[in-house]
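Below: one structure, written as C-alpha cells.
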Amino acid sequence: MTTKPYIIPSPKSINFLATENARATVDATISVLSDKLVGSDKAFADMAKKLYDVEIGVGRGIVIKENASLVGGEYTLRVADSVIVEAGDIDGATYALSTLIQIMEVCKGGISVPVVEISDKPDCEYRTLMVDLARKWHPFNTLLNYVDLCYLYKIKFLHLHFTDSPSYTLPSDKFPKIPTPDRHYTKAEIAELNEYARVKNIEIIPEFDVPGHARPIVTAYPELFANIPTGAEDSEDFALFFADIKQNVICVGKEGIMDTLKTLAKEIIDMFPYSRYLHIGGDEANIGEWKNCRTCQEYMAKHGIDGPRPLYTHFIKLMTDVVLELGKTPIVWEGFPREGSEEISRDVIVTAWESYYHLAPELIEEGFKITNASWEPLYTVPAGHRVVESGRWYPDDIMDWNLYTWKNWNQKTAAYEKPIVIEPTEQVLGATFCAWENDYDGEIATVRENLAAMSEKVWNITSTVTKEEMKASLEKILPLAEKLT
C-alpha cells in the first residue's frame, strides 16, 4: 500500500508515478528559468539550510519554470530524474517549494523526494497569522521566526499588532515621543523584517490601532490627541488617562486631527513598502468619553452627528478614506456600529471576530468584504485567562470549524449558544489565527499546532482531511516547525 507524503495544507491532487513508496534522488541544486519567479530559489535554499543543514547550489536538481496557464498561487510539482516545478507567479513557486521542504529528505548524493506529481492551489489568498506585539514585548528575532513558520505552512500574511494601550512598538521620526521606551523596534529592524519577509514571499500587514487602544499616542501628545473635558477652561486642560487603561480613545473632533493621523499613517505605510494593507484597528473604543469631550460635542453639533455611536462610524469612514488616499487597502476589526455604515467605502475589509458589535451576516448584507477571525477556535491567549482557562483551543476544534462559521465562548455574543453560519460567498476572503496578550514563549507551541490546522481549512474550504490525518501530518511536520521557531 502506498503511503502518501504528509503535507500541510493537503494538496488538491497527488499522484504516484512509480511503485509504492518510490523515491528519487536529485542533486541539491536549483535553477529558476523565469525572471518572474526569481527569489523563490533563495527562500528555498535558506529553509533547506535551516531545516536540513544542506547547501543548495545552482544546477538542475530542482527546476522552476513559468506556466502562464496556472492561476495565482497554483503550481505543479513533478518528480522524476529532477524536481520540475511549474507556476504562474511567485506565490505558486513559493508554495511548491514549501511543499518540497515538507516532503524532502537529505541523503547521500543530494535530496530524496517521493516520485509523485502534485497539483495544487489555494481556495483563499487571505491566510493570516496575527501576533500581538503591543501587550507583551516580542524580541525582534521572533518576528523572523514567524515569517519562516508562515512559509512552512503556506500562510500568505503576517499581521503584526504593533500598537495598543500598553505600548507603541513602531519607531517614529514624525512623533518621536510616541514609541514606548525599550519596547519598540528600530527603523533598521523594520527594514530588515520587510526584506526578510519579501524574500520568503510573506506579506506584512502592519496595524496602527485607532480610535481606541490609543493610550501611548494620547499621553505622548495630548495637545494633538486627547479629549478636552466639558467645562475645561482652556485647551491645555487635557484628559490624560493614566488611571484606567481602558480610557484609551483619541479625540476625533479636534481641528486637524485627520491631517495628524494621516501623517502618522503615512509614516507607517512608508515603513512597509511591500504591504498592500494597513490595519487601523477600530474596535473596543471607549466612545463614552466623547460625550464628555467639549471638542467632540462641538464637532458633532457642527456636522449634525447625533451622539458617539454615529461619530464612531463617521471616524471609521474618515480614517479608512485616509488610508485609501495613501494608496493602501484599509482593514478594520468588527467594532463600528451598523448605523451610518453606508458611509464607509466597500473597499474596506472588515475582520469579523467577536460576533457582538457587527455580525458577519450583517456585514455581508451591507456589501463588505470580510475575513473570519472567530474568537473560538482561532484565538490563543495566556493560560489562566479570565474567560478561557486553558488559553487555547486545539487542532481538532479547528478541524470542526469552517470559513463560514463564527463561534464564541462569551455569553454576551450572538455566537454563544449557537454558532453563526453563513452561506458560502466570495465576500469572505479568508481567515486569521490570532495570538493575543502573550509573550513568544507562552504562545508559540499553540501557534505551531493551530496555525497548521487553520491553514488546512482555509487553503481547502471543503477539506476532507480527517482529525486523525491532521494529527499524523502534525506529528511529521511539527519537528520542522520547532526547528524554525
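Just the heavy atoms: all of them, side chains too, but no hydrogens, waters or symmetry mates, feed the values below.
A donor atom on one side chain and an acceptor atom on the other are not found under 3.5 Å apart for Thr94 and Tyr75. Side chains of Ser172 and Glu267: a donor-acceptor N/O pair is present below 3.5 angstrom, by distance only. Neither side chain, Ser374 nor Asn372, offers a donor N or O lying under 3.5 Å from an acceptor on the other. Side-chain atoms of Glu203 and Ser275 form no donor-acceptor pair, as typed in the model, at a separation below 3.5 Å. Side-chain polar atoms of Glu334 and His358 form no donor-acceptor pair below 3.5 angstrom. When only modelled atom types and interatomic distance are considered, Asp148 and Tyr196 share a side-chain donor-acceptor pair under 3.5 Å.
Between Asp397 and Lys407, none of the side-chain N atoms (NZ, or NE/NH1/NH2) sits under 4.0 Å from a carboxylate O, so this pair counts as no salt bridge. Salt bridge annotation for Lys369-Glu426: absent, with no cationic side-chain nitrogen under 4.0 angstrom from a carboxylate oxygen. Between Arg78 and Glu117 there is a salt bridge, since at least one side-chain N of the basic residue sits less than 4.0 Å from a carboxylate O of the acidic one. Using a cut-off of 4.0 Å between Lys/Arg side-chain N and Asp/Glu carboxylate O, Lys42 and Asp46 are scored as not salt-bridged. Between Asp164 and Arg215, none of the side-chain N atoms (NZ, or NE/NH1/NH2) sits under 4.0 Å from a carboxylate O, so this pair counts as no salt bridge. Salt bridge status for Lys36 with Asp89: absent, with no side-chain N to carboxylate O gap under 4.0 Å. A salt bridge does not link Lys136 with Glu443: every distance from a Lys NZ or Arg NE/NH1/NH2 to an Asp or Glu carboxylate oxygen is 4.0 Å or more. Between Arg276 and Glu125 there is a salt bridge, with a side-chain nitrogen of the basic residue lying less than 4.0 Å from a carboxylate oxygen of the acidic one.
Crowding of Lys49 atom NZ: a count of heavy atoms from other residues, nucleotides or ligands under 6.0 Å exceeding 12. Remark: Lys187 NZ is loosely packed, at most 12 non-hydrogen atoms of other residues, nucleotides or ligands lying under 6.0 Å away. The neighbour count for Tyr356 OH, taken as heavy atoms of other residues, nucleotides or ligands under 6.0 Å away, does not exceed 12. For Asp182, the CG atom counts as loosely surrounded, since its 6.0 Å shell holds 12 or fewer non-hydrogen atoms of other residues, nucleotides or ligands. The number of heavy-atom neighbours closer than 6.0 Å to CG of Asn141, taken from other residues, nucleotides and ligands shown, is above 12. Under a cut-off of 6.0 angstrom, the local environment of NZ in Lys50 is crowded, with over 12 non-hydrogen atoms contributed by other residues, nucleotides or ligands.
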Next item on the list: Could you go through the side-chain contact (heavy atoms from CB on, under 4.5 Å) check for Val113 and Leu100 one step at a time?
Entry: CA-CA 8 Å; Val113 189; Leu100 184 58; 3.8 Å; yes
For the pair Tyr126 and Ile331, evaluate side-chain contact (heavy atoms from CB on, under 4.5 Å) and give the outcome as yes or no after the intermediate values.
CA-CA 12 Å; Tyr126 199 93; Ile331 309 177; 3.7 Å; yes
Exercise. Decide side-chain contact (heavy atoms from CB on, under 4.5 Å) for Leu193 and Val147; before the verdict, give the C-alpha distance in whole Å, the side-chain angles of both, and the deciding distance to 0.1 Å.
Key: CA-CA 9 Å; Leu193 173 63; Val147 170; 4.1 Å; yes
**Asked** Could you go step by step and tell me if Ile280 and Val323 meet the side-chain contact (heavy atoms from CB on, under 4.5 Å) rule?
**Response** CA-CA 9 Å; Ile280 63 159; Val323 177; 3.8 Å; yes
(Q) Apply salt bridge (Lys or Arg N to Asp or Glu O under 4.0 Å) to residues Asp270 and Lys174 and explain how you reach the verdict. (A) CA-CA 12 Å; Asp270 289 347; Lys174 301 289 187 182; over 6 Å; no
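Annotation: side chain to side chain contact (heavy atoms under 4.5 Å, CB included) contacts of Arg198 (sequence neighbours excluded): Glu195, Tyr274. Contacts of Pro216 classified as side chain to side chain contact (heavy atoms under 4.5 Å, CB included), with partners at least two apart in sequence or in another chain: Tyr168. For the side chain to side chain contact (heavy atoms under 4.5 Å, CB included) test, residues two or more places apart in sequence or in another chain that qualify with Leu318 are Met258, Tyr299, His314.
Atom CD1 of Ile118 is separated from atom CG of Asn15 by 9.5 Å, given to the nearest 0.5 angstrom. Taking CG from Leu451 and OG1 from Thr485, the interatomic distance works out to 10.5 Å, rounded to the nearest 0.5 Å. For the atom pair CD1 (Ile202) and SG (Cys150), the distance works out to 5.5 Å, reported to the nearest 0.5 Å. Taking CD from Glu354 and CG from Asn410, the interatomic distance works out to 6.0 Å, rounded to the nearest 0.5 Å. A distance of 10.5 Å separates NZ in Lys200 from CG in Leu152, rounded to the nearest 0.5 Å. Atom-to-atom distance recorded for Asn460:CG and Ser10:OG is 4.5 Å, nearest 0.5 angstrom.
Side-chain N or O atoms of Thr313 include one that pairs as donor or acceptor with a backbone N or O of Glu339 at under 3.5 Å. Using a distance-only test at 3.5 Å, with no hydrogens or angles considered, a donor-acceptor pair links the side chain of Asn450 to the main chain of Trp393. Within the 3.5 Å criterion, the main-chain N or O of Leu158 finds no donor-acceptor partner in the side chain of Thr128. At distances below 3.5 Å, not a single donor-acceptor pair connects side-chain atoms of Arg127 with backbone N or O atoms of Thr432. In this structure, Thr380 contributes its side chain and Gly391 its backbone to a donor-acceptor pair below 3.5 Å. Side-chain N or O atoms of Glu456 include none that pairs as donor or acceptor with a backbone N or O of Val465 at under 3.5 Å.
Using a 4.5 Å heavy-atom cutoff, the side chains of Pro114 and Val79 are not in contact. No side-chain heavy atom of Met454 sits under 4.5 Å from any side-chain heavy atom of Trp459. Within the 4.5 Å cutoff, the side chain of Pro11 has no heavy atoms near those of the Thr99 side chain. Residues Asp347 and Leu324 form a side-chain contact, since some pair of their non-hydrogen atoms from C-beta on lies under 4.5 Å apart. Counting heavy atoms from C-beta on, the side chains of Leu278 and Pro206 come closer than 4.5 Å. Using a 4.5 Å heavy-atom threshold, the side chains of Lys156 and Tyr95 count as touching. The shortest side-chain heavy-atom distance between Asn402 and Val421 does not fall under the 4.5 Å cut-off. Side chains of Pro211 and Tyr312 form a contact here, defined as non-hydrogen atoms less than 4.5 Å apart.
Among all heavy-atom pairs drawn from Asn194 and Pro273, the shortest one is ND2-CD, 3.9 Å. The minimum heavy-atom distance between Asp209 and Ala214, with the atom names listed, is O-CB, 4.3 Å.
Ring centroid separation for the pair Phe433 and Tyr379 does not come in under the 6.0 Å cut-off. Side-chain rings of Phe315 and Phe336 stay apart, their centers remaining 6.0 Å or farther from each other.
Relative ring orientation between Trp409 and Trp375 is described as perpendicular, the plane-to-plane angle rising above 60° on a 0-90° scale split at 30° and 60°. Between Phe162 and Phe272, the ring-plane angle classifies as tilted under the 30° and 60° cut-offs. Ring geometry, His279 versus Trp333: the interplanar angle falls from 30° to 60°, so the pair is classed tilted.
Taking the ring centre of Phe368 as origin, the terminal cationic atom of Arg346 falls inside the region bounded by 6.0 Å and 45° from the ring axis.
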